[in-house]
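For reference, the structure discussed in these notes is given below.
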Amino acid sequence: MKKKITLIELGKEYLYMKPHIDHALGSCLEAQNWILGPEVKELENKIAEYIGIKHAVGVASGTDALVLSLRALAIKLKGQEYFSRTDKIITTPFTFTATGDAILRAGATPLFVDIDPKTYNIDCVKLDEYLNSHGPSEIAGIIPVHLYGQACNMDKIMECARKYNLFVIEDTAQAFGGMWKGKKLGSFGMAGAFSFFPSKNLGGFGDGGMVVTNDPETAELVRMLLKHGGKDKYNVDHLGYNSRLDTIQAAVLLVKLKYLDEFNQLRRKSAGIYQKSLDGINAISLPKSLPEAHHVYHQYTIRISGDKRTVVQRKLEENSIASAVYYPVPLHRMKVFQNQSEVSGTLREAENSATQVLSLPIGPLLKEEEISFICACIKGVVV
Ligand SMILES: *Cc1c(COP(=O)(O)O)cnc(C)c1O
């Protein structure tokens with residue numbers, strides 16, 4: 001019987017680190033410091049150091065990292081608890097729902113700008129064109145998403161932000177350890193939002209997230225918002241949340257952070273093997289890693305032209321190989337964003353990508369012969 005090849009192998013990763021993880025969990029059980037225990041602070045310090053930034057604040061999820069950063073900026077920049085509906089925040093339609101709904105939750109309106117079909121990230125030319133032709137008056141900020149672990153062009157995005165006086169919050173949920181010109185993603189904008197959802201490059205044993213920033217006021221506001229909105233729990237200033245990062249997650253993440261660079265390097269190596277093996281197939285476009293970007297391959301996503309995607313998916317399924325479409329529906333097509341968002345132009349590239357992309361298994365412990373087998377299956381049905 002053939003062994004199943006899954007998209008990620010969290011069980012295998014756990015076994016690889018087992019003694020260290022078990023030890024960390026055991027210490028938590030003995031200490032019983034479940035809420036904001038010392039591991040949370042330690043993780044915040046380690047991550048701030050790793051990203052090269054002054055402040056890191058643990059929160060309950062990547063979604064909350066986005067929402068709380070946005071709420072902090074509404075308070076800091078506008079003196080309001082929430083943004084107004086007339087405040088527009090630009091982002092990509094080709095991302096996980098959370099990027100867009102965080103904007104809605106913070107009271108603002110998402111404005112979707114199309115993607116570059118080669119990187120799947122927001123198209124910086126279209127971004128600049130939009131800002132240039134509309135004027136910045138109602139645009140508050142930009143949330144670039146480093147999709148699949150590939151950096152956005154942060155030179156261009158920061159240039160636009162400066163030119164039109166916009167804030168930038170990086171959605172770094174898929175790109176922990178990724179870089180642009182040697183600088184860690186998440187450290188470019190006003191804030192960076194990370195997710196520790198188990199499948200992310202740095203994933204916990206449940207939900208978790210982190211906000212990173214160089215701005216002390218933003219860090220302080222996020223710290224207040226995550227604990228009901230006050231410095232004093234029993235006398236609060238803002239409409240906050242219960243959004244703490246669990247001690248036990250922080251303990252697990254402290255162990256996993258030590259393996260992160262090694263694991264990202266292994267992902268890059270697997271991507272290289274795919275690249276060699278799938279190169280030259282007409283119907284398939286391979287992920288393009290920009291020379292300035294250090295791609296950490298949260299996903300290895302290929303594009304299959306024509307109507308061949310279902311054929312490939314079926315072939316992989318027959319051979320017990322998992323694959324997935326991230327994302328089948330661009331945000332502007334979802335019900336939740338109807339009448340609640342704006343679009344710049346047709347968003348054709350995002351729509352095309354949604355019908356053509358396919359993510360293949362990629363994980364630090366995937367074997368070379370498994371990749372060869374996956375590629376052989378694909379080559380059996382497309383030329
Ligand atoms: C996973 C993800 C999020 C949300 O993170 P959660 O921890 O699941 O809340 C946000 N944006 C992107 C791009 C993601 O991939």
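Order of listing sets the numbers, starting from 1, for every ligand and every atom in it.
Judged by distance alone, the side chains of Glu262 and Tyr16 do bring a donor and an acceptor atom under 3.5 Å apart. For the residue pair Asp261/Tyr50, the side-chain donor-acceptor check at 3.5 Å is satisfied. When only modelled atom types and interatomic distance are considered, Asp22 and Tyr14 share a side-chain donor-acceptor pair under 3.5 Å.
Ring-plane geometry between Phe176 and Phe194 is classed as tilted, the angle between the planes lying from 30 to 60 degrees on a 0 to 90 degree scale. Below 30°, between 30° and 60°, or above 60°: for Tyr148 and Phe94 the angle between ring planes is above 60°, a perpendicular geometry.
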Present, as a list of atom pairs with distances to 0.1 Å, all nitrogen or oxygen contacts under 3.5 Å between ligand 1 and the protein.
| unit_1 | atom_1 | unit_2 | atom_2 | d |
| --- | --- | --- | --- | --- |
| ligand 1 | 5 (O) | Ser195 | OG | 3.3 |
| ligand 1 | 7 (O) | Gly62 | N | 2.8 |
| ligand 1 | 7 (O) | Ser195 | OG | 2.6 |
| ligand 1 | 9 (O) | Gly62 | N | 3.3 |
| ligand 1 | 9 (O) | Thr63 | N | 2.8 |
| ligand 1 | 9 (O) | Thr63 | OG1 | 2.5 |
| ligand 1 | 11 (N) | Asp171 | OD1 | 3.3 |
| ligand 1 | 11 (N) | Asp171 | OD2 | 2.8 |
| ligand 1 | 15 (O) | Gln174 | NE2 | 2.8 |
| ligand 1 | 15 (O) | Lys200 | NZ | 3.1 |

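Here Arg223 pairs with Glu44 in a salt bridge; the nearest charged N to carboxylate O distance falls below 4.0 Å.
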